[in-house]
Amino acid sequence: MITRLGKRFWGQTLLLLAGLELITISINFFYAPINVAAGGATGIAIIIDEVWGVNRAFTVLLINILMIILAYFFLNKQILQKILAGSFILPLLLYLNPSFKVVNDSLLAAIAGGTIFAAGIAILYRINASSGGTTVPPMIIKKYFHVNPAISLLLIDLGVTLFNIPVAGFNSFVLASFSLIITSLVMRYIETGLDHKYQLQIVSETKLPEIKQMLLSQQQSLTIYHAEGGYSGKNKDILLLVTDNQNYGPLIKQIHQIDPSVFIITSNVVKVHGGRW
């Protein structure tokens, strides 16, 4: 659905606003009320708000303007266009949305905030947009020093997270670090899809025809590879199939009932496109 919407201008605009609103919700309702700065420009804004009482939206706007200037001088126009809209809309949403504590439990707030933040960022990634902020320095570092932007962004976020210790205490630092992990995991699942599959490669010395017949009787689609044993030099067939989480356990049990010594390699498949698996 996101992919279809992202192909049209109005759809891209809607998704941009949705992604930025989710980020705003995570900050105003979960992170800021418990004084947890989980990296990024919004994390810096939470720290400055806690220490000097400066409005978070104003701080994010200043940081984003600075990042736009850096992008203008050090990066190309395509990247500048990518961060321009989000850089101004996000602080506006932070200002317009109310901010209050939704849940009293800090751990629950960190989990919810990290999850919602990840959903917002993932939507922006899908339409090749950005909220600006600290995503710009890693692009500059990559261009001139060839450092992986994921590494430099992680270091920046960790640096911001460390400021939780003198400002709000070690407990806030732990919550912020935990939230970063939650965000990373959720983003990975959103980007690759939640309906993961297993890929099985099956080798049997004596019972391969029976295993093949069992799989076909259950309407399992499979592919047969012709291979050569590296040690024996003998020709042999390998069955390849894809199955889901629900069927994986029973399927493995049935295969082992046919051939207890069967050799099976299982791999995680994050997405299956087209065809019939």
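The basis for the numbers below is simple: all heavy atoms, side chains too, and nothing from hydrogens, waters or symmetry mates. Starting from 1, each residue takes its place in the sequence as its number.
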Asker: When you measure from the side chain of N245 to the backbone of K197, do you find a donor-acceptor pair of N or O atoms at a distance under 3.5 Å?
Answerer: no
Asker: Between Y125 and S130, is there a side-chain donor-acceptor contact under 3.5 Å, judged purely by atom types and distance?
Answerer: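 S130 vs Y125: no donor-acceptor pair found between side chains.
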Asker: So do the side chains of I89 and L93 get within less than 4.5 Å of each other, counting heavy atoms only?
Answerer: yes
Asker: If only atom types and distance count, is the side chain of N164 paired as donor or acceptor with the main-chain N or O of A37 below 3.5 Å?
Answerer: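 Answer holds: yes.
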Asker: Counting C-beta onward and ignoring hydrogens, is there a side-chain heavy-atom pair between L239 and I211 closer than 4.5 Å?
Answerer: yes
Asker: Check whether any side-chain N or O of S99 sits under 3.5 Å from a backbone N or O of N28 as a donor-acceptor pair, and report yes or no.
Answerer: yes
Asker: Say you draw a straight line from CG of L16 to CG of L20; how long is it, rounded to the nearest 0.5 Å?
Answerer: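 Result: 4.5 Å between the selected atoms.
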Asker: Mind listing the closest non-hydrogen atom pair of S131 and L124 along with its distance?
Answerer: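 Of all heavy-atom pairs spanning S131 and L124, the closest is N-CD1, 3.9 Å.
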Asker: What I'd like to find out is whether the side chain of Y198 reaches to under 4.5 Å of the side chain of V269, using heavy atoms alone.
Answerer: no
Asker: Should M67 and P137 count as side-chain neighbours, where that means a heavy-atom distance under 4.5 Å?
Answerer: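 Yes; the side chains approach each other to less than 4.5 Å.
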Asker: Does the K143 side chain pair with the main chain of F74, one donor and one acceptor, at a distance under 3.5 Å?
Answerer: yes
Asker: side-chain hydrogen bond (donor to acceptor under 3.5 Å, both in side chains), that's the test. Do N235 and H226 meet it? Break it down for me.
Answerer: CA-CA 7 Å; N235 293 326; H226 302 293; over 6 Å; no
Asker: Is a side-chain N or O of N64 found less than 3.5 angstrom from the main chain of S87, in a donor-acceptor match?
Answerer: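 Checking the backbone N and O of S87 against the side chain of N64, a donor-acceptor pair under 3.5 Å is found.
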Asker: Should the pair F100 and F29 be assigned to parallel (<30°), tilted (30 to 60°) or perpendicular (>60°) ring geometry?
Answerer: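 Tilted: the ring planes of F100 and F29 meet at 30° to 60°.
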